Amino acid sequence: MDKLRVGLIFGGRSVEHEVSIASATSIYRALDPTRYEVTLVAIDHDGRWHRGAPKLPPEASLRGDLVSLAPMPGARALVPAERGAPATATPLDVVIPIVHGRGGEDGSLQGLLELAEIPYVGSGVLGSAIQMDKEVSKRLLAAAGLPILPYLCVRASELARDSRGCAERVLAALRLPVFVKPANLGSSVGIHKVKAAAELVPALEDAVRYDPKVVVEQGIAARDIEIALLGDNPVEASVPGEIRTHREWYDYEAKYVDEATELLVPAPISDALAQELRDTAIRAFRALEGRGFARVDFLVDQNTDTYYVNELNSLPGFTDVSMYPRMWEASGLSYPALIDRLIELALESHRDRSKLETQYRKP
Ligand SMILES: Nc1ncnc2c1ncn2[C@@H]1O[C@H](COP(=O)(O)OP(=O)(O)O)[C@@H](O)[C@H]1O
Ligand SMILES: [Mg+2]
């Protein structure tokens, strides 16, 4: 049997560049060399694509030759992007786009792969874009009747015009503390926990540096509990996991620096709550047009067990110690088997989409 030609795209122009390299390294090691022929593609901080040499660690790819993907159906290959380069194309049967943040997780990379007609792992253009945007996500979750915390949206233009008015609007609708979040970011960057009214405008002003749209959300004393989802029809849900930080909340330091952050899998919660979270996670995945896989993050009230959907991640961290694979491991699915399944799902869903009519036919 011919090997499946897999493109592993990682890196990217975001604060999560290094996280993505770590995820790609774990995935690369887990891909069975007897079944897959892997090409590494590293996107550098300037957005250029480097084709890596096989058998080198992923970060070494950042010095590979420059390539691009033509949005031309049928070609299905990486082509040299530099004039005078030896004209070797690399055909791809499927892509694992493990690029976090803007330009990777927001539907744009998915759009390029869609135009190039290459099957890829994970959510499509719409699902990726929706799950990346905290404000649009909340609107759709609310419309589906799913529990979310009360929130307001503040725009940069409004803040520039009348910052006092913005602060008054927030304080009239929500109690302190509130969380101020740029609508389209991750890794807790640009997020502020605001405990005093005087801190609100500075927090909003900082958040609009990252995104002209900001979500201000009711803060609660919460546990961070997550569920991993896999599949399309049916979608399967893992055992829950919990993140415990010794910091006040799960901020950037807690995520990537603080060694004392604990990941508990399975989360110590009742079976009844775990089942409710799993059901709610699947409904949220459908409401936000998820495909293939996602990690659904909940905030669970520390005192009452009341739960709220916090966010969906269409490209969760994927190192072998990350929450998403660990929750599957604890549910009986090994890391390599998980990657195999994701690739299968990508091929299946591409096959389904390719069957759609592209021309009008008289009924
Ligand atoms: N409304 C809230 N109440 C209490 N804690 C919150 C709230 N919103 C966020 N947090 C804390 O901040 C962390 C990061 O917020 P989140 O919305 O998940 O942003 P990101 O997309 O950057 O991960 C959460 O994991 C949680 O610990
Ligand atoms: Mg989060």
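Predicted, not measured: the structure shown is a model, and the values here were computed from it. Side chains included, hydrogens not; waters and symmetry mates left out as well; all remaining heavy atoms used. Read the numbers this way: they start at 1 and go in the same order the structure lists the ligands and their atoms.
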>> Restricting to N/O/S atoms, is Glu311 within less than 2.8 Å of the Mg ion (ligand 2) or not?
In response: yes
> Under a 4.0 Å heavy-atom limit, does Val178 contact ligand 1 with its side chain, its backbone, both, or neither?
Replying inline: neither
> Atoms of ligand 1 less than 4.0 Å from Leu149 heavy atoms?
Replying inline: 1 (N)
> Do you know which two heavy atoms are closest between Ser20 and Gly11, and how far apart they sit?
Replying inline: OG-N, 2.8 Å
>> Using a 4.0 Å cutoff against the non-hydrogen atoms of Lys181, which atoms of ligand 1 qualify?
In response: 8 (N), 9 (C), 16 (P), 17 (O)
> Between the side chains of Arg353 and Ser349, does any donor sit under 3.5 Å from an acceptor?
Replying inline: yes
> Is there a side-chain contact between Val265 and Val239 (heavy atoms, below 4.5 Å)?
Replying inline: yes
> With ring centroids as reference points, do Phe293 and Tyr324 lie under 6.0 angstrom apart?
Replying inline: yes
> Which residue from Ile243, Asp297, Ile225, Asp224 reaches closest to atom 27 (O) of ligand 1 through any of its heavy atoms?
Replying inline: Asp224
>> Can you confirm whether Glu205 is buried at CD, in the sense that more than 12 heavy atoms of other residues, nucleotides or ligands lie under 6.0 Å from that atom?
In response: yes
> Going by the order shown, which atoms of ligand 1 are within less than 4.0 Å of some heavy atom of Gln218?
Replying inline: 1 (N), 2 (C), 3 (N)
> By number and element, which atoms of ligand 1 are closer than 4.0 Å to a non-hydrogen atom of Tyr250?
Replying inline: 13 (C), 14 (C), 25 (O), 27 (O)
> Heavy-atom distance under 4.5 Å between the side chains of His246 and Glu262, does that happen here?
Replying inline: yes
>> Looking at non-hydrogen atoms alone, which of Thr245, Ile191, Val216 comes nearest to atom 15 (O) of ligand 1?
In response: Ile191
>> Give the atom numbers and elements of ligand 1 that come within less than 4.0 Å of a heavy atom of Glu217.
In response: 1 (N), 2 (C), 7 (C), 8 (N)
> Tyr120 and Glu114: side-chain donor and acceptor closer than 3.5 Å?
Replying inline: yes
> Any link between Leu204 and Leu171 through a network of hydrophobic side chains (Ile, Leu, Val, Met, Phe, Trp, Tyr) touching at under 4.5 Å?
Replying inline: yes
> Can you tell me if Lys134 has a non-hydrogen atom under 4.0 Å from ligand 1?
Replying inline: yes
>> Under 3.5 Å between any N/O of Ile220 and any N/O of ligand 1: does that happen in this structure?
In response: yes
